[in-house]
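Below, read A as the first sequence line, B as the second, and so on, with proteins coming before strands; counting in each chain starts at 1.
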Amino acid sequence: VVAWTGMITAYVQCKEYLLAQKCFAKMQEEGPKPNIVSWNAIIATYARHGDGVPALECFQNMQINGLKPNKVTFSAILKACCCIGAIEQGRLIHEQVIESGLQSDIVVRNTLVDLYARSGNFEEAHVVCNGLASRNLLTWGSIIAGHAQCGNVKLALQCLENMQCEGVKPDGVIFSSILAACSHAGLVDLGVTYFKSMSDYHGILPDICHYTCMVDLLSRSGYLNEAENLLQIIQPD
RNA sequence: UGACGCGAGCGGG
């Protein structure tokens, strides 16, 4: 079983998802019975591909085969639900998570937060987020990105403050979300302020993504000269 | 016990 599963995971690591899936099919036909790790590996291939439907089928199938999902299974399948916007499925799986007592796992919780935040269900996202244990940078990142995507700059900025109050330091990804939100809302001054604060207060070097955001922000609002000036600053690469 | 899982933004195409 370990040998077969090793084959599958090797294919997954090389991004040879089709080969991994073929290998799994062959294992089911003529190899030993797949164990939890084999199933998790194959579910992960679908989840990474954004193929939510086959991922869910596998998830059902493994349970039919009498295997109980573990925290690895849950994080993979929740990611799959997130990709295809299967919020209802996600809620059902959320219940299963609670039944299994795995809701305290930080990775599982982050995938749940991500699922809810990206689908605009912020109340549920916050409930998961407030549930006991530690939030980390990734948890906040999901929530802020969710707010940013909904065009809710105020809430995104509020989250930024809240996370800093808790002693979590924002990283470059967080600022990308913030800048993007400002861009969509046409809040040029605010965006510029945060862009400056990155290097001034947070010790984060803006990367190409941030410059792209700023150019986008400036030119959308008609500050074409400023946008061109910024372009000059960026090192050709 | 672990061979499996672990979040993200803009624009363009």
* To do: Take atom CG of A/Asp189 as the centre, draw a 6.0 Å sphere, and report whether it contains more than 12 heavy atoms from other residues, nucleotides or ligands.
  => no
* To do: Measure from OH on A/Tyr211 to C1' on B/C10 and round the result to the nearest Å.
  => 16 Å
* So what does A/Leu137 touch, heavy atoms closer than 4.0 Å: a base, only the sugar-phosphate, or nothing? -> base
* Figure out the CD1/C1' separation between A/Ile106 and B/G7, and round it to whole Å. => 10 Å
* Asked: Contact class for A/Ala148 (heavy atom, under 4.0 Å): base, sugar-phosphate, or nothing?
  -> nothing
* **Atom pair distance, as rounded to whole Å: CG in A/Leu179 and P in B/G11** => 13 Å
* What integer distance in Å separates A/Trp140:CH2 from B/C6:P? -> 24 Å
* To do: Please state whether the phosphate of B/G11, meaning OP1 or OP2, lies under 4.0 angstrom from any side-chain nitrogen or oxygen of A/Arg220.
  => yes
* Write down the distance between CG (A/Leu138) and C1' (B/G7), rounded to a whole number of angstrom. => 4 Å
* To do: Would you mind listing every side chain to side chain donor-acceptor pair (under 3.5 Å) that reaches into residues 206-225 of chain A, with sequence neighbours excluded?
  => A/Ser176-A/His210, A/Ser183-A/Asp216, A/Asp207-A/His210, A/Asp216-A/Arg220
* To do: Would you kindly say whether A/Thr139 and A/Asn136 are connected by a side-chain donor-acceptor distance under 3.5 Å?
  => yes
Compile the donor-acceptor pairs under 3.5 Å between side chains in residues 140-163 of chain A and protein atoms, sequence neighbours left out, one pair per line.
residue	atom	partner	partner atom	Å
A/Ser142	OG	A/Asp114	OD1	3.1
A/Ser142	OG	A/Leu138	O	3.4

* Using the side-chain contact (heavy atoms from CB on, under 4.5 Å) rule, pick out the option among A/Thr45, A/Thr5, A/Ile8, A/Leu19 that qualifies with A/Phe24. => A/Ile8
* To do: Rounded off to whole Å, could you give me the CZ-to-P distance for the A/Arg109 and B/G7 pair?
  => 16 Å
* Asked: Has A/Glu123 got more than 12 heavy atoms of other residues, nucleotides or ligands less than 6.0 Å from its CD?
  -> no
* To do: Pick base, sugar-phosphate or nothing for A/Cys82, based on heavy-atom distances below 4.0 Å to the nucleic acid.
  => nothing
* **Separation of the C1' atoms in B/C6 and B/G2, to the nearest angstrom** => 15 Å
* A/Asn110 (side chain) donor-acceptor with A/Val113 (main chain) under 3.5 angstrom -> no
* Starting from P on B/G5, measure out to CZ on A/Phe59 and report it in whole angstrom. => 17 Å
* Structure fact -> Here the distance between atom P of B/G7 and atom CG of A/Asn110, to the nearest Å, is 9 Å
Can you name the atoms? Protein N/O to nucleotides 2-4 of chain B N/O, anything below 3.5 Å, with the distance.
residue	atom	partner	partner atom	Å
B/A3	O2'	A/Thr9	OG1	3.4
B/A3	N1	A/Asn35	ND2	3.1
B/C4	O2	A/Asn40	ND2	2.7

